[in-house]
2 protein chains.
Amino acid sequence: MNFLDIGEVSMRSGVKPSALRYYEELGLIQSAGRSGLRRQYESGVLLRLAFINLAKSGGFSLDEIKGMFSTDGQLQIPRGRVQERVAQIDAQIEELSALRDMLSHIAVCPAPSHLQCPAFRQLLKDAVLQKKTESNS
Amino acid sequence: MNFLDIGEVSMRSGVKPSALRYYEELGLIQSAGRSGLRRQYESGVLLRLAFINLAKSGGFSLDEIKGMFSTDGQLQIPRGRVQERVAQIDAQIEELSALRDMLSHIAVCPAPSHLQCPAFRQLLKDAVLQKKTESNS
DNA sequence: CTACAACTTCAAGTCAACTTGAGGTCAATA
DNA sequence: TATTGACCTCAAGTTGACTTGAAGTTGTAG
């Protein structure tokens, strides 16, 4: 059966072999077995790594990501945690949107000092308020 | 005039004194002067810190954030870089949206293994494709 | 069958972003 | 005047996420 060795997985996932071994050590992924000393991976690990990469770039720590998988290796976020995670991501999106609007504003605003520009300050305040609202909810 | 000392700035910005000193060392903020040994901050530093916090949570490194201010301390991203930054943020938002959709899907999908669920895999693939498209553009 | 590229382990190193601790200064209050 | 609390500096420590290096093993192409 077509098992993949670590170099193959690395190439296809964009995760270096050293990082793959590190993930295994953390229990984030595992290999199907060994051929001699060499790790053999099922192709499913690629999906798992795609998800891990996405979550990582979404600002989740490896530990948090690990918590999104159940002990039997399934992607399974504890009921009730899902809403929490989704809200967390939405908040992140709001902040990023605010940041983008601010940067866009800089490009067109002639004010000498953006941090003093009323429009800019409004964007910044909105973002901060947004953040507070989220953390109190 | 109402200068703020480091404890006040810390409280109002949510950034610890040790971090404020570290930011100063990096040239990310500066104090207006000293009263004896004590740093005295202008209230404008609070806006600056609000922006820094936002950018930080948007995944920018302190070094990148530093690059968003001109040498005279103004928030001023080099012309041409703005679009780059905005695109970078939009990409990030896309990824986060995908991640959110996946997590939401998990909450409602009865499939035993989400990584095998066709709908889920489609979301994951879209996200990965999205990412590739961005990095090639 | 031998060479070699690709793997292995394990310990130590790196980098960013801070934090902590030791030892010192200073203004105000008891 | 003595004490307190908030500040100070500087060096070293911490955490997360890996990477690097040394020293050894193995599957396969020539």
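All heavy atoms count here, side chains included; hydrogens, waters and symmetry mates do not.
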Q) Which residue, B:Lys16 or A:Arg21, contacts DNA chain C at a nucleotide closer to its 5' end, judged by nearest heavy atom? A) A:Arg21

Q: Round to a whole Å and report the spacing from CE of B:Met11 to P of D:dA6.
A: 12 Å

Q) Counting any heavy atom closer than 4.0 Å, what does A:Arg39 reach on the DNA or RNA strands: base, sugar-phosphate only, or nothing? A) sugar-phosphate

Q.
Output the rounded distance in Å from CG (B:Leu26) to C1' (C:dC15).
A. 13 Å

Q) Within 45° of the six-membered ring axis of A:Phe69 and under 6.0 Å from that ring's centre, is NZ or CZ of A:Arg48 located there? A) yes

Q. Between atom CG in A:Leu20 and atom P in C:dC7, what is the gap in whole Å?
A. 11 Å

(Q) I'd like to know if A:Arg38 reaches the base of D:dT26 with its side chain such that a donor and an acceptor end up less than 3.5 angstrom apart. (A) yes

Q | B:Asp63 vs B:Leu37, nearer the 5' end of DNA chain C by closest nucleotide | A | B:Asp63

Q. What integer distance in Å separates A:Tyr41:OH from C:dT8:P?
A. 7 Å

Q) Which heavy atom in A:Cys109 sits nearest to a heavy atom in A:His114, and how many Å separate them? A) O-CE1, 3.6 Å

Q.
So, does A:Lys56 get its side chain near the phosphate of D:dC18, meaning an N or O under 4.0 Å from OP1 or OP2?
A. yes

Q: Apply side chain to side chain contact (heavy atoms under 4.5 Å, CB included) to A:Met68 and A:Gln76, showing your working.
A: CA-CA 6 Å; A:Met68 298 180 189; A:Gln76 182 64 73; over 6 Å; no

Q: Select base, sugar-phosphate, or nothing to describe what A:Ser61 touches, counting heavy atoms under 4.0 Å on all strands.
A: sugar-phosphate

Q. Can we say B:Glu84 and B:Arg81 salt-bridge, meaning some charged N sits less than 4.0 Å from an Asp/Glu carboxylate O?
A. yes

**Q.** 5′-ward residue of the pair A:Tyr23/A:Gly36 relative to DNA chain D
**A.** A:Tyr23

